[in-house]
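Model, not experiment: these values are computed from the prediction. Basis for what follows: all heavy atoms, side chains included, without hydrogens, waters or symmetry-related copies.
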Amino acid sequence: GAVVSQHPSWVICKSGTSVKIECRSLDFQATTMFWYRQFPKQSLMLMATSNEGSKATYEQGVEKDKFLINHASLTLSTLTVTSAHPEDSSFYICSARGQTSGSYNEQFFGPGTRLTVL
Amino acid sequence: AQSVSQHNHHVILSEAASLELGCNYSYGGTVNLFWYVQYPGQHLQLLLKYFSGDPLVKGIKGFEAEFIKSKFSFNLRKPSVQWSDTAEYFCAVLSYNTDKLIFGTGTRLQVFP
């Protein structure tokens, strides 16, 4: 149980276009989803926290108008990178937390989406 | 600022050697502690976690970690590593105050046969 999927697993786009990444909790209801960013050979950095039905809370330095997050249901959150530029190229990872057989404080991670902006 | 430190950035071991990876954090108050592993090309997997109770926590694949509150540490150990343990290891701390999971910088482990 507690499986989180992401789609797509990788995407290549041209500079200036927008890219949408989906994060789904497959077998539990995720009251909270998190979006992280991981640069090559670096750690995960929290970008934003989203609660179902509420606006996302962004970390300092993360542009909310560039990284649009929607958490419209208890099983789906989306991250849209608007007007992507090469510096947005990174590995984006989501996690989900909710009522599962485990502890409420445990986050379950998706497999990540590698974004390359040309 | 709240932070998580992993002192070993790159560790190289031979098979059957013992492993200890350090993790220290700077939070006060109640915390939950995690170790994650990321195998090459794969996503994060939970190795073990500490929420409360016995400070010595056993996880999957023979890993264990000890929470020492007075030292703000949560070091990961394995008595005998295998080649298949080659991966990136991340310590993470969840502070009840902030409700944010903060990751350490990671330790790259290479195990040679």
Which residues in residues 53-75 of chain B have a heavy atom less than 4.5 Å from any heavy atom of chain A?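 Interface residues of residues 53-75 of chain B: none, nothing closer than 4.5 Å to chain A.
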Excluding sequence neighbours, so at least two apart, what forms side chain to side chain donor-acceptor pair (under 3.5 Å) with A/S15?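 Side chain to side chain donor-acceptor pair (under 3.5 Å) list for A/S15, sorted by chain: A/H85.
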Can you name the side chain to side chain donor-acceptor pair (under 3.5 Å) partners of B/T107, sequence neighbours left out?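 Testing B/T107 for side chain to side chain donor-acceptor pair (under 3.5 Å), a comparison that skips the adjacent residues, returns B/Q6.
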Given 3.5 Å as the limit, does a donor-acceptor pair link the side chain of A/S43 with the main chain of B/G106, or not?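 Side chain of A/S43 to backbone of B/G106, a donor-acceptor pair under 3.5 Å: no, none is there.
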Measure B/L94 against the heavy atoms of chain A and call it side chain, backbone, both or neither at under 4.5 Å. side chain
Part of B/L46 within contact of chain A (heavy atom distance under 4.5 Å):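 Side chain only.
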Taking every non-hydrogen pair under 4.5 Å, which of B/Q38, B/Q42, B/R108 racks up the most with chain A? B/Q38
Do [X] and [Y] land in one hydrophobic cluster if side-chain heavy atoms of ILVMFWY residues count as linked below 4.5 Å?
X	Y	result
B/L13	B/Y39	yes
A/Y58	A/I93	no
A/M45	B/F34	no
A/I69	A/M47	yes
A/M33	A/F108	no

Heavy-atom distances under 4.5 Å only: say whether A/L46 touches chain B with side chain, backbone, both or neither.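 Interface part for A/L46: side chain.
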Pick one of side chain, backbone, both or neither for A/Q6, based on which atoms fall under 4.5 Å of a heavy atom in chain B. neither
If you measure from CD on A/Q42 to CD on B/E88, what distance do you get to the nearest 0.5 Å? 10.5 Å
Reported OG-to-CG distance for the pair A/S95 and B/L44, which is rounded to 0.5 angstrom: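 Going from the OG atom of A/S95 to the CG atom of B/L44 covers 9.5 Å.
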Could you work out, with side-chain contact (heavy atoms from CB on, under 4.5 Å) as the rule, every residue matching A/L76, not counting sequence neighbours?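 Per chain and number, A/L76 pairs via side-chain contact (heavy atoms from CB on, under 4.5 Å) with A/E22, A/R24, A/S73, A/T78.
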Between A/R97 and B/D99, is any pair of side-chain heavy atoms under 4.5 Å apart? yes
Sub-4.5 Å side-chain heavy-atom contact between B/Y36 and A/L44: no
For the pair B/F90 and A/Q38, evaluate side-chain contact (heavy atoms from CB on, under 4.5 Å) and give the outcome as yes or no after the intermediate values. CA-CA 12 Å; B/F90 295 96; A/Q38 185 181 28; 3.5 Å; yes
